[in-house]
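We name chains A, B, ... by the order of the sequence lines, and we start the count at 1 in each one.
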Protein chains: 2
Amino acid sequence: MPENSLDKLSRGERNRIYDGLKAILSLSNGEKRARLYSGSLALFMGISQQSASKLILDMNRTGVIIRHMDGKIQSIEVSELGRDLLFEEYSLLSGLLGVKDKIMISGVVQSGMGEGRYYVSRKPYVIQFQERLGFIPYMGTLNIKVDSSEEVSLRRIRGYSGIKIDGFATDDRTFGPVKAFMGTISGIKCAIIFPERSVYRDVIEIISEEFLREKLKLSDGEKVQLNVDVSN
Amino acid sequence: MPENSLDKLSRGERNRIYDGLKAILSLSNGEKRARLYSGSLALFMGISQQSASKLILDMNRTGVIIRHMDGKIQSIEVSELGRDLLFEEYSLLSGLLGVKDKIMISGVVQSGMGEGRYYVSRKPYVIQFQERLGFIPYMGTLNIKVDSSEEVSLRRIRGYSGIKIDGFATDDRTFGPVKAFMGTISGIKCAIIFPERSVYRDVIEIISEEFLREKLKLSDGEKVQLNVDVSN
DNA sequence: ATTACTAGGGCTCGAGTAA
DNA sequence: TTTACTCGAGCCCTAGTAA
C-alpha cells in the first residue's frame, strides 16, 4: 500500500526515484504502460539489474508507479502521484529558468452541484481570497470541463505552487489548504482554485468578483477560454 | 580550471550538482549572481554547511558555476555550462511529459561572413541534411540575430537534442557534429543548425532548400519570425 | 565570522545467489 | 528464464576542527 511518504525521502532517494520515473516514461514510448524487465530498465539507466529491481520496488512502495506482474514480465505505469511529481519539477524549472508561461486552457461550462458555492463562502477562505487574490469572490464557482487535449496544460498549471490559501478547521470538520492561480476569462479577472492535495480532475473551478455565468451570459456546454498566470 | 567532465559523473553526483544549481538559482532572486555563504546554501538545501561547501567546490570544479570570493562572502554565478545543463533537463522533461512546444523565435536578418556557406556546403554535411532533414539546402545560411527578449526561448530550443548531424574529418581539419531543428519562416520549410557543443550565441543560422534572402526579399535589419519544431 | 580539510558512520550499489 | 534477497565494499554526508 502506498505511503505517499515522498516528503520524508532523502534528497538522494528522491532523485533516484525521479530518475527512475523519467526512465520509465522514456521506455513507455507514449504508451500508458511500459512492459519491461528490471534488466531492461537497468540497461537503460546504466545501473545493475539488482539496483533496478530495488528501484522498482521503492517506486512502487512510495506510490509513484503502479506495477502489474504478468508472470515474469512486469508492466509498469506511472501513477498520478508520479506524474504530479514530474510536473512539479517541470514547473519549478520553468520558474527558475525564466520561461514565460502564459498557459491557456479551454473547456466547456458545466453546472456544479453547488458545493463550490458552499466552500468558497467559508469565511476563513474569503478573508484569504481578499488578502492574497485581491478580491472578494462572488459566492459561487464557475465549473469548466477542460478539453481532454489540454490535459497537459492543466497538469502543468497544477505543477506550480500558486498562491497559497491555508486550510482551517471548524468544530465539525476541516477545510483543506487550497492553491489559486490568477487569470482572466474573456478579459475579466478571475482565479482557478485547486485543493492543495488532490488527484487530477478535468473539471476546474473558477472564482471571480463577478457572477461570471451571468456577466458573460454563459450556459452549460458553452466553450470558454481561460488565460492563466503561473508566475506567482 | 573546469574540466567539463559532466559526462563522467555518476548519477548521484550529477543529481547533487543539479540540485545545487537549482538552489543557487532560487537564491539568486533573478540576479545574475547570488551572494551567499555556504551556510545559507546549506540551510536552503537542508544539508550541512560542510556538504554545501564541498558541493560549491565540486560545482566550480566541473565548471557549472563561476565563483568569486569577495573576502568571506562569495558570489556565485551559474555558468553557461550550468545553464545548458538545466535547459537540457527542462527540454527532456518537456518531451517526456508531452508538453506541446511550438517555440517561436523572432529576430533581425544579419549578414554573415560567408563562413556559413563554406560549412553547409561540405559534402558529408550535405548528404546528412538530405537524409535526415529531407532536403538539400541552398549553399548558404541566413543569419538571424535573435531578440534579446527571446534568449530563454532560444536556450530552450538548444536544450533539445534535435536531429543529429555527425561530424567528420578531412586531411586538414575536423568538422564538428551539428544538431538541427526543423521549422518554418514565413511558411517556407527551413532548419536551424547549431554546433553540437557551443556556447550560447544570439545569432542563429538557418538553412533551407530556397535562397531565403532572395525568396523572401529580406535585407539586413529586417524583422523575421521563425517557428521551430522541437518534437524531433 | 567564514571556508573547507579530515575521520568516522551510514547508506547505496552491485555481486552472488535463491526461488 | 526472470525477480529480488543478503551482504560486503565503497561512497557520501556530517561532526569536529583548523585556518
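- dG14(C) atom P lies 10 Å from atom CE of Met45(A), rounded to whole Å.
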N/O contacts under 3.5 Å, protein versus nucleotides 7-12 of chain D?
residue : atom : partner  : partner atom : Å
dC12(D) : OP1  : Glu13(B) : OE1          : 3.2

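- Electrostatic pairing of Arg83(B) and Glu77(B) does not count as a salt bridge here, judged by no charged N lying under 4.0 Å from a carboxylate O.
- If you measure from atom CG of Asp19(A) to atom P of dC13(C), you get 10 Å, rounded to the nearest angstrom.
- Separating the CG atom of Leu57(A) from the C1' atom of dT2(D) is a distance of 14 Å, rounded to the nearest angstrom.
- Atom CG in Asn15(A) sits about 12 Å away from atom P in dT12(C), given to the nearest Å.
- In terms of position on DNA chain D, the residue among Ser48(B) and Leu36(A) whose nearest nucleotide sits closer to the 5' end is Leu36(A).
- Protein atom CZ of Arg14(A) is 19 Å distant from nucleotide atom C1' of dT12(C), rounded to whole Å.
- Residue contacts shown for Ser38(B) are limited to sugar-phosphate atoms, with no base heavy atom under 4.0 Å away.
- Listed here is the closest heavy atom pair of Gly82(B) and Leu21(B): O-CD1, 3.9 Å.
- Between the side chain of Gln128(B) and the backbone N or O of Pro124(B) there is at least one donor-acceptor pair closer than 3.5 Å.
- Taking 4.5 Å as the limit, some side-chain heavy atom of Ile24(A) sits within range of a side-chain heavy atom of Met59(A).
- What separates CG of Asp58(A) from P of dA4(D) is a distance of 11 Å, to the nearest Å.
- A straight line from CD1 of Ile47(A) to C1' of dA15(C) spans 15 Å, rounded to a whole angstrom.
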Between protein and nucleotides 17-19 of chain D, what N or O pairs are separated by less than 3.5 Å?
none

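- Residue contacts shown for Ile56(A) are absent, as no nucleic acid heavy atom lies under 4.0 Å away.
- Note that CG of Asp19(A) and CG of Asn15(B) are 4.5 Å apart. Values are rounded to the nearest 0.5 Å.
- Going from atom OH of Tyr37(B) over to atom C1' of dA1(C) covers 8 Å, rounded to whole Å.
- In this structure, Arg35(B) does not reach the dT2(C) phosphate: none of its side-chain N or O atoms is under 4.0 Å from OP1 or OP2.
- Expressed to the nearest 0.5 Å, how far CG of Leu96(B) lies from CG of Leu86(A) amounts to 8.0 Å.
- Phosphate proximity of dC13(C) to Ser51(A): absent, as no side-chain N or O sits under 4.0 Å from OP1 or OP2.
- Here the side chains of Leu133(B) and Ile207(B) are in contact, with some heavy-atom distance below 4.5 Å.
- Between the side chains of Ser149(B) and Asp147(B), no donor N or O sits under 3.5 Å from an acceptor N or O.
- Taking the ring centre of Phe87(A) as origin, the terminal cationic atom of Arg158(A) falls outside the region bounded by 6.0 Å and 45° from the ring axis.
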